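Here's the structure we're looking at; comments come further down.
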Number of protein chains: 2
Amino acid sequence: MTRTLSEENYLKAIFHLSRNSKEKVSITTLAASLENTAASVISMLRKLTAKELVDYDKQKGASLTRAGEKAAIDIVRKHRLWEVLLAEKLEFSWEEIHDIAEQLEHVHHPELADRLDKFLGFPQFDPHGHPIPDIKGNISQVSGKLLSDSTIGIELEVVGVKDSSSMFLNYLKQLDIKIGSKLMVEQIIEFDQSAIVKINNSSSISVSRKFLESILIISTGS
Amino acid sequence: MTRTLSEENYLKAIFHLSRNSKEKVSITTLAASLENTAASVISMLRKLTAKELVDYDKQKGASLTRAGEKAAIDIVRKHRLWEVLLAEKLEFSWEEIHDIAEQLEHVHHPELADRLDKFLGFPQFDPHGHPIPDIKGNISQVSGKLLSDSTIGIELEVVGVKDSSSMFLNYLKQLDIKIGSKLMVEQIIEFDQSAIVKINNSSSISVSRKFLESILIISTGS
DNA sequence: AATAAAAATTAGCCATGTCTAATTTTTATC
DNA sequence: GATAAAAATTAGACATGGCTAATTTTTATT
Ligand SMILES: [Mn+2]
Ligand SMILES: [Mn+2]
Ligand SMILES: [Mn+2]
Ligand SMILES: [Mn+2]
């Protein structure tokens, strides 16, 4: 019952997509997320259904079986632990680690994740602020809420990002925003839901709605 | 010009096989080494020849071009660096690391090997006693010679193994032989070239010719 | 209910990397 | 030099995981 790289990527995609919306995942959504065609998605879902990793065809949409979720969490755990190693031990930066971890997450060995976990000192979050599933598969609550859901005029602290793409992270680097940075939403522009945000108590910049929905914060001030 | 996993495994196999015999590698030899059929080997060699990583068809046998050798050394470097990380940082044992490194060696990132190298303190040899190519691709000489080439009655020290399979390494573990262990060949049996070997100055055991050809030693005594 | 748009599905094709079963060289051996 | 064995090659097939181009089904919109 060994899983191919493609199978693992599908399981992970379904896992992440059903986390957000809490719903069954449609073919179209999966296709967009994996940058594959709907036809390809359907044939893979059939394969995963046959392997009893995915429930499908019942209604519209796919969801993970217990076994599928277990497999997905295992991949996510490996992905995030490798990211910690890459960042903390090998000195890679925020925007470099994700793509390497995409490859490392598919390395198979029954004890690998646990050894990494121990070596790294059982980290709770990866460098993007995402929770690392523990050895039993329990995932702690994401700390923080979306910047788009925050109140105007309150001091906020960045605790994570929702988007780990190097495109987004390079943008943040340019703005000198990282985990721990201070933000304050000064104004929301009604016209397009963009905002003026003060960074680290110095410069104020204009950012898009999409930006606001990609940053996780906690409020730390008045 | 990105390489597939299969392509990389062929390059590595040609590299190792032509190291030993210093000759061009035959289809049959490659097929045996990769556990593929001769037909498969031929079609892959065509592909690699088209990519100018392999010279073929000139005479009997394949060899690496300059570019092919560079690629192969890069893979070997990654393999051995990962083995050091697995053994020294993640506490995996001798016989576990090779199979994991077989997967890790295919992870692509321009700086990964160098970061690993630095983090590990620029190790010269992997846990099996094999030299790690440096950043420029230079490979230091294997220290030691084969146990089968040693003189009878001289104290020897194990500095490496020629066979990194878990099968062989588990056998060594059972015999309590590791790098640094002391050996002495007491007798060679003419009949089948097997030998009586004293281990760590205590028990003597009988080992096959194949065994003698799988251990690297230096002489340390009279 | 009729119709249009969106989503899902089917059918057929393709590249990669394998394989088996001939067949053709090449190399040894008498 | 003839002949047998070994090695290389060809031919054709198959599994995987993609794709495009219909077609069918479902969902919305008047
Ligand atoms: Mn992946
Ligand atoms: Mn991450
Ligand atoms: Mn490999
Ligand atoms: Mn090794």
Side-chain angles (χ1 to χ4, degrees), chain A residues 1-15 17-18 20-21 23-64 68 71-72 75 102-103 105-106 108, chain B residues 1-15 17-18 20-21 23-64 68 71-72 75 102-103 105-106 108:
Chain A
M1 276 305 120
T2 182
R3 272 141 220 151
T4 67
L5 190 147
S6 272
E7 288 172 351
E8 292 192 343
N9 283 335
Y10 273 87
L11 292 175
K12 193 167 60 122
I14 297 168
F15 178 77
L17 291 170
S18 55
N20 299 340
S21 47
E23 290 294 314
K24 298 212 163 194
V25 182
S26 72
I27 305 288
T28 312
T29 307
L30 257 178
S33 160
L34 291 158
E35 300 187 87
N36 280 345
T37 60
S40 302
V41 170
I42 288 172
S43 79
M44 181 58 90
L45 288 183
R46 295 231 170 89
K47 195 184 166 194
L48 292 172
T49 301
K51 286 194 170 192
E52 298 188 66
L53 295 167
V54 160
D55 278 330
Y56 185 54
D57 115 334
K58 321 236 159 187
Q59 314 162 32
K60 294 295 147 194
S63 60
L64 298 175
I75 299 162
E102 280 298 314
Q103 301 174 62
E105 72 190 3
H106 303 291
H108 293 292
Chain B
M1 276 309 118
T2 182
R3 272 142 223 149
T4 65
L5 190 147
S6 271
E7 287 172 352
E8 293 191 344
N9 283 336
Y10 273 85
L11 292 175
K12 195 167 59 120
I14 297 168
F15 178 78
L17 291 170
S18 54
N20 299 341
S21 47
E23 291 293 315
K24 298 212 164 193
V25 182
S26 72
I27 305 287
T28 313
T29 308
L30 258 179
S33 159
L34 290 158
E35 300 188 86
N36 281 346
T37 61
S40 302
V41 170
I42 287 171
S43 78
M44 180 58 90
L45 288 183
R46 295 229 170 91
K47 194 185 168 195
L48 293 172
T49 300
K51 287 195 168 189
E52 299 188 66
L53 296 167
V54 161
D55 279 329
Y56 184 55
D57 115 334
K58 321 234 158 189
Q59 313 159 33
K60 293 298 148 195
S63 60
L64 297 175
I75 300 162
E102 280 299 313
Q103 301 173 63
E105 73 191 0
H106 302 290
H108 293 292

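Only heavy atoms go into these numbers, but all of them, side chains included; no hydrogens, no water, no symmetry mates. A quick note: this is a predicted structure, and the numbers were derived from the prediction, not measured. To find a chain, count down the sequence lines: A is the first, B the second, and so on, and within it residues start at 1.
Summarising the geometry, the separation between OH on Y56(B) and P on dA8(D) is reported as 6 Å, rounded to the nearest angstrom. Atom C1' of nucleotide dG17(D) and atom CD of E8(A) are separated by 15 Å, given to the nearest angstrom. The distance between atom CG of L30(A) and atom C1' of dG18(D), rounded to the nearest whole Å, is 15 Å. Per the geometry, CD1 belonging to I27(B) stands 9 Å off C1' belonging to dT9(D), to the nearest Å. Between L34(B) atom CG and dT18(C) atom P the separation is 8 Å, expressed in whole Å.
Considering only heavy atoms from C-beta on, L53(A) comes within 4.5 Å of R3(A) through its side chain. Looking only at side-chain heavy atoms (C-beta outward), L11(B) and V54(B) come within less than 4.5 Å of each other. Between T49(A) and D55(A) the shortest side-chain heavy-atom distance does not fall below 4.5 Å.
Separating the CZ atom in R46(A) from the CG atom in L48(A) is a distance of 12.0 Å, to the nearest 0.5 Å. The CG atom of L5(B) lies 8.0 Å from the NE2 atom of H108(B); values are rounded to the nearest 0.5 Å. In this structure, the separation between CD on E102(B) and CG on N9(B) is 6.5 Å, given to the nearest 0.5 Å. We find the CD-NZ distance between E7(A) and K51(A) to be 3.5 Å, quoted to the nearest 0.5 Å. How far OG1 of T4(B) is from CE of M44(B): 5.0 Å, rounded to the nearest 0.5 Å. Note that CD1 of I42(A) and CD1 of I27(A) are 4.5 Å apart. Values are rounded to the nearest 0.5 Å.
Taking both residues in full, the closest heavy atoms of Y56(A) and G61(A) are given as CD1-O, 3.3 Å, listed atom of the first, atom of the second, then distance.
For dG17(C), neither phosphate oxygen OP1 nor OP2 lies less than 4.0 angstrom from any side-chain nitrogen or oxygen of N36(B). Proximity of Y10(B) to the phosphate of dT16(C): no side-chain N or O atom is located under 4.0 Å from OP1 or OP2.
When each of dG17(D), dG18(D), dA8(C) is scored by its nearest atom to the side-chain atoms of T4(A), the top-ranked nucleotide is dG17(D). Listed nucleotides dA7(C), dT9(D), dC19(C) differ in distance to T37(B); the shortest reach to its side chain belongs to dC19(C). Among the nucleotides dA8(D), dG17(C), dC19(C), the one closest to the side chain of S6(B) is dG17(C).
With hydrogens and angles disregarded, a donor-acceptor distance shorter than 3.5 Å links the side chain of S18(A) to the backbone of I14(A).
Contacts between residues 39-48 of chain A and DNA chain C, defined by a heavy-atom separation below 4.0 Å, involve A39(A), I42(A), R46(A), listed by number.
Among the heavy atoms of the strands, none lies under 4.0 Å from E7(A).
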Short N/O separations, protein against nucleotides 24-27 of chain D, under 3.5 angstrom:
none

Review item, nucleotides 12-15 of chain D N/O atoms under 3.5 Å of protein N/O:
none

